[in-house]
Each structure stands twice: as C-alpha cells, then as structure tokens.
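Here the structure comes first, spelled out in structure tokens, and everything after it is commentary.
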Amino acid sequence: MTPLRINADRLLTDLTHLSQIGAGQDGALWRIAGTKADWAGRDWLDKTMRVEGLHTYYDETGNVFSRRKNTSGPWLLIGSHADTVPAGGHLDGAYGVIAAMEVLRTLHEEGHPLAAHVESVAWFDEEGVRPESAGGLVGSTALAGSDRVADLVGYLEIHIEQGRRMEKAGLNLAPVTGIVGVRRYQVSVSGQENHAGTTMWVDRQDAGRVAARIVAGLKDLILAVDPKGIGNAGVITFGPGAANVVPGTASAELEIRASSETALDTIETDLDGTLAGIAAEENCTAELVRISAKPAAHFDHRVLSAVHEACLEKGRTDQLLSYAGHDASVISTRLPTAMMFVPSTGGFSHSNKEHTPDEQLVLGAQALLDAVLKVAPMLLEQEVGSPVALAA
C-alpha cells in the first residue's frame with residue numbers, strides 16, 4: 001500500500017492565507033481572541049473545511065471543529081489554537097491548526113477508514129491576553145469540563161518549539177514528554193518613604209531594595225531546587241517613584257516554571273522564606289501571594305511512544321519537555337494526549353520573527369499524519385473493542 005502523503009503545497013498556502021488575517025504592516029499578527037480578526041480567521045477555517053466537503057461547527061466557547069459528515073465517532077482530536085498574542089507570529093498555534101486540517105483532509109480524500117474517526121480543532125483563546133481570560137487555555141478548559149469529552153479517545157498537537165533547543169541540537173522533530181507547571185505570584189512590600197539624600201543606609205526602610213533583591217536572586221533560588229527550572233520577573237514597581245525618595249512601597253510579579261508539582265512547592269516555600277528574610281534585613285514587611293497556577297502535565301506513555309516512533313521515521317529526534325503552556329496540558333487531564341515540536345529558527349516566538357523552514361513544516365505535518373495512523377487505531381480499538389469494528 002502506498003503511504004499516505006499530505007499535500008505540502010496546500011499546507012503552506014493555507015498557512016500563508018491565515019497569516020494575512022489580522023496582520024499589521026510589519027507582518028505581525030493581531031488575531032487576539034474575540035476580536036474581529038480572530039472571528040475572521042475562524043470563519044476562514046470554517047469555510048475552508050466546508051469547501052472540502054467536511055462538517056464544521058462552533059461550540060459555545062468559540063472552538064472550531066471539523067470532521068467527516070455523517071459519522072458517529074468516537075474521534076481522535078487533533079489541532080491547536082488560532083488566536084495570537086498582540087503583535088504575534090504566524091506559526092504559534094496556527095501551524096498546528098493548519099497541519100491538523102491537512103491531516104484530516106488527506107484521510108478524507110483518500111477514503112481512509114480513519115477519516116471517520118479523526119476530528120480537527122482550532123481552540124479559542126489559548127494565549128489568555130484578554131483581561132477576562134484568567135490565564136488562557138479557555139477553549140480547551142471548556143471542552144475538558146464538558147460531556148463532549150466522552151466522544152473523544154485522545155488528543156494530538158503539533159507546535160513550533162518556541163525556543164532554540166532543537167535548532168542547537170540539529171533536531172527535525174521532537175516528541176514532547178509533558179508541559180511544565182506554571183505559577184505566578186504577587187510580591188508586595190511595605191517600608192517607609194524618606195529623603196534619599198539625608199536618610200543613611202542603616203536608617204532606611206527601603207521597600208525597593210527588598211523587591212530588587214528578591215528579583216535578583218530568583219534565578220539562583222529556582223536552580224537550587226530544579227536545575228531545569230526557569231522563572232521571570234516581568235513587572236516591578238516602586239512607590240512613590242521619584243529618584244530622590246526612598247521607596248515606601250514596592251511590588252513585583254514573578255513567574256516560576258518547573259517540571260513537577262513537588263519542585264514548584266519547594267520553590268514557593270523557599271521563595272516565601274527568602275522574601276521574609278530579606279524584608280526583615282531591610283526593616284520592611286513583605287507578602288507573597290500566589291495569583292495563578294497551571295499544574296505540570298505528563299503525557300500518556302502509550303501515545304507518546306507512538307508519536308516518538310513516527311518522529312524517528314522522519315529524521316533526527318529527541319524527547320523534550322515543553323516550557324511553554326499549551327492546550328494539550330488541559331486536555332491531558334481527561335484524554336490520552338501527546339505533542340510534537342518542529343524547530344523554531346533563532347528561538348523566536350510571540351513576534352513577527354517567528355520562522356520555521358518550509359521543509360520542516362511539511363515534515364512535521366507528515367509526521368502528525370503518521371502519528372495519527374499509529375495512535376488512532378490503538379485508542380479506537382481500546383474504545384470499540386476490536387479492529388474489525390474500526391474498519392467497518
């Protein structure tokens with residue numbers, strides 16, 4: 001039997017078309033969830049699959065699904081998110097959506113039995129940049145909490161890496177073992193405003209120094225617990241905000257990413273204790289408040305093994321942990337799930353510098369199809385009881 005092949009030209013043409021919806025003059029995308037550009041993109045996805053003779057529909061959240069007409073499932077779900085960050089790139093999320101569409105269309109056109117058991121999705125609001133988004137992953141969270149999950153047997157997602165590990169190692173594809181847990185914190189410090197010229201060091205209650213010291217020590221604190229952990233301090237403010245006034249208040253927003261809940265718990269404990277110690281040394285008071293938490297995800301070993309096999313057949317590969325959040329983390333709490341990465345040139349993401357060579361985008365989409373051909377029969381046989389029922 002001749003191996004199934006995706007339509008490379010169609011894949012790349014569709015990526016180009018979607019990249020024009022919501023694009024600014026510099027090519028950066030503003031397809032933020034819920035905007036006119038976002039709905040225009042979803043409308044294009046809908047119409048594109050309808051033209052191919054597939055059944056396409058929206059759920060109440062705004063997720064867009066496509067599948068073969070007159071099928072009753074169960075289905076293996078494949079896809080990614082269609083929304084972007086402000087001034088985002090054209091591959092983050094969109095590549096996984098278009099690749100999933102291409103896989104479904106290939107199965108449909110070839111009359112493959114699995115065409116009746118594969119469904120594509122374009123998730124709504126993965127990025128979470130809207131004030132009401134509560135950290136993102138909105139569409140996948142809604143599905144994971146609904147009865148619709150009972151119609152599904154698993155989930156696969158392909159995505160750009162958004163980092164430089166693959167490029168540095170010369171990898172073509174990378175099965176993803178899981179996704180780090182992410183916690184965000186608000187640091188609030190109270191001291192005493194005073195004249196910066198006349199208040200000696202020993203007499204200060206400098207809230208700014210407390211915030212600055214905890215931010216400066218964040219890297220070492222995390223690495224002492226998890227050598228592969230990472231963090232960020234993206235926001236820091238001093239009050240009242242004058243060069244000649246010792247800050248009486250200060251705040252910082254911190255983010256921690258680690259591979260396990262145990263590591264996250266230990267880092268949080270150490271962070272809280274270190275902050276209290278620094279505040280005492282500076283004659284201030286401080287509080288650490290966790291403002292959000294996304295748990296670490298570990299993907300199904302059977303599905304991951306099949307994805308790894310599909311990647312090995314296509315070139316140099318190695319398993320990686322994802323340090324960026326993805327809808328797969330939420331879906332993995334309800335369904336057997338796995339992901340794969342293609343490399344990102346220069347590690348750029350969330351910018352109009354996002355780039356992956358066409359040949360690697362095509363290779364990744366083909367690997368996704370090959371993975372579907374391995375994963376779907378395994379999960380469907382478990383669901384329906386026999387491979388004969390699947391072929392029918």
Side-chain angles (χ1 to χ4, degrees), residues 85 126-129 133-137 140-141 159 161-165 174 176-191 206-238 247 249-282 284-299 319-333 337 339 341 347 349-350:
V85 296
E126 186 264 3
E127 296 291 1
V129 295
S133 294
L137 308 176
S140 53
T141 298
H159 206 280
E161 184 202 350
Q162 302 177 279
R164 294 196 65 192
R165 292 174 297 172
V176 180
T177 59
I179 300 174
V180 295
V182 184
R183 296 184 186 179
R184 291 180 181 172
Y185 301 91
Q186 178 74 36
V187 172
S188 300
V189 188
S190 296
D206 191 335
R209 275 184 55 80
V210 177
R213 286 178 62 185
I214 198 67
V215 167
L218 187 63
K219 176 183 175 181
D220 290 340
L221 187 149
I222 292 171
L223 293 179
V225 176
D226 183 354
K228 293 186 177 181
I230 201 163
N232 191 52
V235 179
I236 186 167
T237 58
F238 297 164
T249 61
S251 65
E253 293 183 25
L254 310 180
E255 181 182 87
I256 311 297
R257 299 183 185 228
S259 59
S260 71
E261 295 303 297
T262 299
L264 288 166
D265 286 343
T266 302
I267 291 169
E268 181 174 315
T269 298
D270 291 353
L271 184 61
D272 190 44
T274 301
L275 177 64
I278 293 174
E281 291 173 6
E282 300 292 345
C284 296
T285 60
E287 181 181 29
L288 180 74
V289 176
R290 187 200 298 178
I291 55 178
S292 69
K294 302 289 186 184
H298 303 282
F299 293 148
Q319 296 186 1
L320 295 178
L321 178 69
S322 175
Y323 280 83
H326 299 284
D327 292 294
S329 64
V330 175
I331 299 301
S332 70
T333 65
T337 296
M339 290 186 68
F341 283 156
S349 186
H350 285 189

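Computed from heavy atoms alone, side chains included, the values below leave out hydrogens, waters and symmetry copies.
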Close side-chain approach of [X] and [Y], heavy atoms under 4.5 Å:
| X | Y | answer |
| --- | --- | --- |
| Arg183 | Glu261 | yes |
| Arg213 | Glu282 | yes |
| Gln162 | His350 | yes |

Consider side-chain contact (heavy atoms from CB on, under 4.5 Å). Of [options], which one does [X] pass it with?
| X | options | answer |
| --- | --- | --- |
| Leu254 | Ile222, Asn232, Val215 | Val215 |
| Leu321 | Ile179, Thr177, Val176 | Thr177 |
| Val210 | Val187, Thr285, Ile278 | Ile278 |

Distance, nearest 0.5 Å, that separates [atom1] of [X] from [atom2] of [Y]:
| X | Y | atom1 | atom2 | answer |
| --- | --- | --- | --- | --- |
| Leu264 | Ser259 | CG | OG | 8.0 Å |
| Ser292 | Glu253 | OG | CD | 9.5 Å |
| Leu271 | Ile267 | CG | CD1 | 9.0 Å |
| Asp272 | Glu287 | CG | CD | 9.0 Å |
| Ile256 | Tyr185 | CD1 | OH | 6.5 Å |

Minimum heavy-atom distance between [X] and [Y], given as atom pair plus value:
| X | Y | answer |
| --- | --- | --- |
| Ile291 | Gln186 | CG2-CB, 4.0 Å |
| Phe238 | Ala211 | CE2-CB, 4.1 Å |
| Ala174 | Leu320 | CB-CD1, 3.7 Å |
| Glu126 | His326 | OE2-CA, 3.6 Å |
| Thr237 | Ser251 | OG1-OG, 2.6 Å |
| Ser190 | Cys284 | O-CB, 3.2 Å |

[X] side chain to [Y] backbone, donor-acceptor under 3.5 Å:
| X | Y | value |
| --- | --- | --- |
| Glu161 | Arg165 | yes |
| Ser329 | Gly325 | no |
| Tyr323 | Ala258 | no |
| Ser133 | Gly136 | no |

Let's go through Thr266 and Asp270 carefully: what are the C-alpha distance in whole Å and the side-chain angles of both, what is the deciding distance for side-chain contact (heavy atoms from CB on, under 4.5 Å) to 0.1 Å, and is it a yes or a no? CA-CA 6 Å; Thr266 302; Asp270 291 353; 3.9 Å; yes
Neighbour count >12 (heavy atoms, 6.0 Å) for atom CZ, Arg184: no
One thing to verify: whether Asp226 and Arg257 come together as a salt bridge, which I'm taking to mean a side-chain N less than 4.0 angstrom from a carboxylate O. no
Under 4.0 Å between a Lys/Arg side-chain N and an Asp/Glu carboxylate O for Glu255 and Lys294? no
